[in-house]
Amino acid sequence: MHVFKRSTTPLLRRGLLVLLGLLAITAPVAAAATGPGGTEVPGQPVISSISCALQPAGSCAPGQLLTITGSNLQSTQQVTFVGGSSVRDNVVVKIAAKAAKPTSVQVTVPSRAVSGLVRISGSIGNPANSPQPLKIVAGLPATDDASGSKKLIAGGKRQATFKYTVSAAVVSGAQVEAVRGTDGKVVRSWPLVHSGEGEVVWDGFVGKEPATSGTYLLRLNPLAAAAAKVKAGSDTQFEMLEGFFPIRGPHALASSPGQLFGGGRGHQGTDNFAACGTPLAAWTSGVVQYNAYQGAAGNYIVVQRADGQSYAYMHMRERASAKVGSKVFAGQQLGRVGDTGDAQGCHLHFELWTAPGWYKGGTPYDSLPLMKRLDKLS
Ligand SMILES: [Zn+2]
């Protein structure tokens, strides 16, 4: 415990000890008061359950996302995996403010955590223990990123790589799964190869659409885990972003009527302002369909996605470097904000078109909702 600071006087120290003694006496009373029908101390956090996606209730593997549910959890600042009776096996994880909500806290189970109670503590109320111990089970190895905050972009150059070694007979149904952390849904799966080394590379797409942004796991399902082992360094847990925000610098999203989609003049994109020369990145992957200059559009580029949808950036300061027919990745720089063509002030005119794409039979649609989503993420 770090209650006592070096400057604490003996008198104050004794006062604190008395106070702690009182807390020890009142604690069971407070616990009783939170029972069914009881009156809860306002603000006192209470844990009602702990669970990991795709694990039996109350068990979790290192590297997995543990969801702690209860009440008054929003002020949680740390989670302690208490383990056995010795404090030496306690493992403390600091909680980011956004990971703590009134009724839930999410935390990645650290690799050194051992089975035992889970305790939360924070700025309001007393620490609270889980009603049952958490059972730590073998499963995914811990991510190699201690913070668990590794970020990947769907369609980005850096893809999620999962490697494993098969050492026993593989049965039908054994597979590698991409699991969405929020609800445990398996969004993609790959059958296990039958012997030796195997590898799954996930580009973050589900079908032809980028996965919704959030935490994802790559894991062996139980049938696969019976025959194979995950290799160290695999991407087992990470944040997958739906795409990359195009304007890589200070910017103002379209807001006035003339900058918005539609309007009286049939505006087919949104006008998003930024300083001339601000880098522009591909929001998602695709193949360059057009890279040209036109009197109204100025320097523009059109990228077609795998599903036939396309997007266009216009008024770029210079022609894009990516050649027609070449593949671009989410996050790859395509050019810079400019005011070429019919433009007043440097801005990105951003168009989105349904399949089969830009002036190929598709229809333009409003790009502002996507811009707002991406702006929050990247
Ligand atoms: Zn425009």
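One-based numbering, in listed order, for ligands and for the atoms of each. Numbers here simply count residues along the sequence, with the first being 1.
With sequence neighbours left out, the side-chain hydrogen bond (donor to acceptor under 3.5 Å, both in side chains) criterion links Thr215 to Glu239. Under the rule for a side-chain hydrogen bond (donor to acceptor under 3.5 Å, both in side chains), the partners of Glu242 that lie at least two apart in sequence or sit in another chain are Arg373.
Nearest N/O/S atom of His349 with respect to the Zn ion (ligand 1) is recorded as ND1. Take the N/O/S atoms of Asp271: the one nearest the Zn ion (ligand 1) is OD1.
For a distance bound of 2.8 Å, the N, O or S atoms of His267 include one lying that close to the Zn ion (ligand 1).
For the pair Trp283 and Ala330, the tightest heavy-atom approach, listed with the atom from each and the gap, is O-CB, 3.7 Å.
A side chain to side chain donor-acceptor pair (under 3.5 Å) with Arg319 holds for exactly one of Asn299, Asn291, Thr340; it is Asn291.
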